[in-house]
Number of protein chains: 2
Amino acid sequence: MKMELKHAILGLLSIRPLSGYDLSRAFAGTVAHFWHADRSQIYRTLDRLSAAGAITTEVIPQDGKPDRKVHSLTDVGREMLTEWLSSPVEADQPKEPFLARLFFAAPIGREGVERLFDERDRQVNESLAELASITIEADDLTARLQKATLRNGLLHAEAEREWLRETRQLLGIVEPPQNPEERP
Amino acid sequence: MKMELKHAILGLLSIRPLSGYDLSRAFAGTVAHFWHADRSQIYRTLDRLSAAGAITTEVIPQDGKPDRKVHSLTDVGREMLTEWLSSPVEADQPKEPFLARLFFAAPIGREGVERLFDERDRQVNESLAELASITIEADDLTARLQKATLRNGLLHAEAEREWLRETRQLLGIVEPPQNPEERP
DNA sequence: CACACATAGATGATCATGCACCTATATGTG
DNA sequence: CACATATAGGTGCATGATCATCTATGTGTG
């Protein structure tokens, strides 16, 4: 089943009603390690979900700030969600810019590769920090599934770190800088 | 820098000249763990690379089989490649259909989650088998980088397996089937 | 006081991607 | 003999995704 963003939004709204802006923050935070969407796409998808009768929208005026349009699932939306959850999982179609570069990096030589590794170190450390900052309090099925997903991200981030260490040695590349504070 | 497919193709052609069909097999095999592209997209990108003067094309007639159009890098193409390799690595924008489903899987309950795990087991085992079947003979920088990339895929696949085992326990889900041979 | 940023929603243009389908021929399988 | 698959190239269409930009207001920073 395609059109994943649609389903990711249905999923997020099944946890609690959210505005488009809230959704974009979720895609930048809680679910960032397994899905991505920018705001323009979110608003358009919300339009389509609304047209399909999957969500209802309540406008909540705020003072000082712009109005919020808070979207909730309808029965139709809930059905769409479970139908998606019950359908076969599609194959991954991985797009990993770092590995793509590394694979073809011979023309930029060892120094170039070293730069790639330094950049990757930073990326991994950042995403690890972001993942570590997420906390889930509850302990029902929903919360446990979220924790499991989070742990998946953490394990892969750690695996990536380990691989970086190992591969740096293997390629005879110097160790990563210990104090990356001092950059102009 | 965007338009990764363009650069992935330049990278593959920097290793050796290939036809569009060859490229599609590479995307289904050697580089499948970090990039994906379907054939229609490959042919279109080749057209654009050709128009940009990055590749030249030689038509090689074959008997019994259709003609091959074998593409090679030009100096312009090589320059485009090194420029890309030298540019900053863009952030990952992960799309992981399995994790997306798991995160929102509460409505389908434990049985549903169990099904998701079984499917994931199969996916991981398949991609692990594919990765394990790839062998790289040489030992120059190009080959070492390819081996490193391959090892990255293997490590993550193993990490995923480990996570599956651990998470099954945590969620109190029965162990995966030991003999998945007998499927109709 | 200028500027950036967070909040909140959105549009237009463009590019990338995926899916279905088409042309050919040779070989393999039920 | 029908059908599927591999080889090799490709088109057309619809959707998905990205980028820049717009409208407002309040708050914080140099």
Side-chain angles (χ1 to χ4, degrees), chain A residues 1-10 17-29 31-32 34-52 55 57-71 84 88 90-97 100, chain B residues 1-10 17-29 32 34-52 55 57-71 84 90-97 100:
Chain A
M1 201 175 285
K2 342 97 253 233
M3 277 182 284
E4 295 284 333
L5 178 57
K6 186 172 88 175
H7 299 113
I9 288 176
L10 290 174
L18 295 168
S19 71
Y21 197 76
D22 294 336
L23 285 166
S24 84
R25 269 182 306 191
F27 282 109
V31 305
F34 63 82
W35 212 261
H36 172 265
D38 83 351
R39 294 203 294 126
S40 66
Q41 205 188 338
I42 290 168
Y43 288 122
R44 271 185 267 255
T45 306
L46 284 171
D47 285 345
R48 266 184 291 134
L49 284 172
S50 189
I55 58 174
T57 304
E58 197 192 346
V59 180
I60 297 178
Q62 303 185 115
D63 42 73
K65 293 175 194 168
D67 294 358
R68 287 164 52 79
K69 289 187 171 184
V70 176
H71 310 280
W84 170 63
E90 52 279 81
D92 288 11
Q93 300 185 356
K95 308 251 160 123
E96 303 201 33
Chain B
M1 202 175 285
K2 345 94 253 231
M3 275 183 284
E4 295 283 333
L5 178 56
K6 185 171 90 176
H7 300 113
I9 288 176
L10 289 173
L18 295 168
S19 71
Y21 197 76
D22 295 335
L23 286 166
S24 83
R25 270 183 307 192
F27 282 108
F34 63 83
W35 211 260
H36 172 266
D38 83 352
R39 294 202 296 125
S40 66
Q41 207 189 336
I42 290 168
Y43 288 122
R44 270 185 270 253
T45 307
L46 284 171
D47 286 345
R48 265 184 291 136
L49 284 172
S50 189
I55 58 174
T57 304
E58 197 191 346
V59 180
I60 297 178
Q62 303 185 116
D63 41 75
K65 293 175 194 167
D67 294 358
R68 286 163 54 79
K69 288 186 171 184
V70 177
H71 310 280
W84 171 63
E90 51 280 80
D92 287 11
Q93 300 186 356
K95 307 251 159 123
E96 302 200 33

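When reading the values below, keep in mind they use all heavy atoms of this one structure, side chains included, and skip hydrogens, waters and symmetry mates. Below, chain A is the first sequence line, B the second, and so on; all start at residue 1.
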Can you measure from CH2 (A/W35) to CD1 (A/I9) and round to the nearest 0.5 angstrom? 11.5 Å
Answer yes or no: does a side-chain N or O of A/K65 lie under 4.0 Å from OP1 or OP2 of C/dG9? no
Selected nucleotide, minimal atom distance to A/Q93 side chain, candidates C/dG18, D/dA8, C/dA8: C/dG18
Under 4.0 Å, counting only non-hydrogen atoms across every strand here, what does A/K6 touch: a base, just sugar-phosphate, or nothing? nothing
Expressed in angstrom and rounded to an integer, what is the separation of A/E90 atom CD from C/dC19 atom C1'? 14 Å
CD1-CD distance between B/I60 and B/E58, expressed to the nearest 0.5 angstrom: 4.5 Å
Given C/dA8, D/dT7, C/dG18, which nucleotide is nearest the side-chain atoms of A/Y21? C/dA8
Nearest-nucleotide comparison on DNA chain C, the residue closer to the 5′ end among A/D47 and B/D63: A/D47
Distance check needed: C/dG18 P versus A/D92 CG, whole Å only. 13 Å
Do the side-chain N or O atoms of B/R25 get closer than 4.0 angstrom to the phosphate oxygens (OP1, OP2) of D/dA8? yes
Here the gap from A/K6 atom NZ to A/Q41 atom CD, rounded to the nearest 0.5 Å, amounts to 13.5 Å
Could you report the tightest heavy-atom contact between B/A37 and B/L5, atom names first, then the distance? CB-CD1, 3.6 Å
Return the residues of residues 36-43 of chain B meeting this criterion: a heavy atom under 4.0 Å from some atom of DNA chain D. Order them by number, or give none. B/R39, B/S40, B/Y43
Expressed in angstrom and rounded to an integer, what is the separation of A/D22 atom CG from C/dA6 atom C1'? 13 Å
Will you find, in the side chains of B/D47 and B/S50, an N or O donor that is under 3.5 Å from an N or O acceptor? no
Whole-Å distance, B/F27 CZ to C/dT17 C1', equals 13 Å
Position toward the 5' end of DNA chain D (nearest nucleotide), A/L5 or A/P66: A/L5
Atom-pair distance (CG on A/L23; P on C/dA8), nearest Å: 12 Å
At what distance, to the nearest 0.5 angstrom, does CD1 of B/I42 lie from OG of B/S19? 9.5 Å
Could you check how far CZ of B/R48 sits from C1' of D/dT11, rounded to whole Å? 15 Å
Atom-to-atom span, CG of B/D67 to C1' of D/dG10 - whole angstrom: 14 Å
Among D/dC13, D/dA8, C/dG9, which is the nearest nucleotide to the side chain of B/R44? D/dC13
Is A/K95 paired with B/D92 through a side-chain N to carboxylate O contact shorter than 4.0 Å? no
Please tell me if A/Q62 has a side-chain N or O lying less than 4.0 Å from either OP1 or OP2 of C/dA8. yes
Whole angstrom is fine here: how far is it from CZ in A/R68 over to P in C/dA8? 5 Å
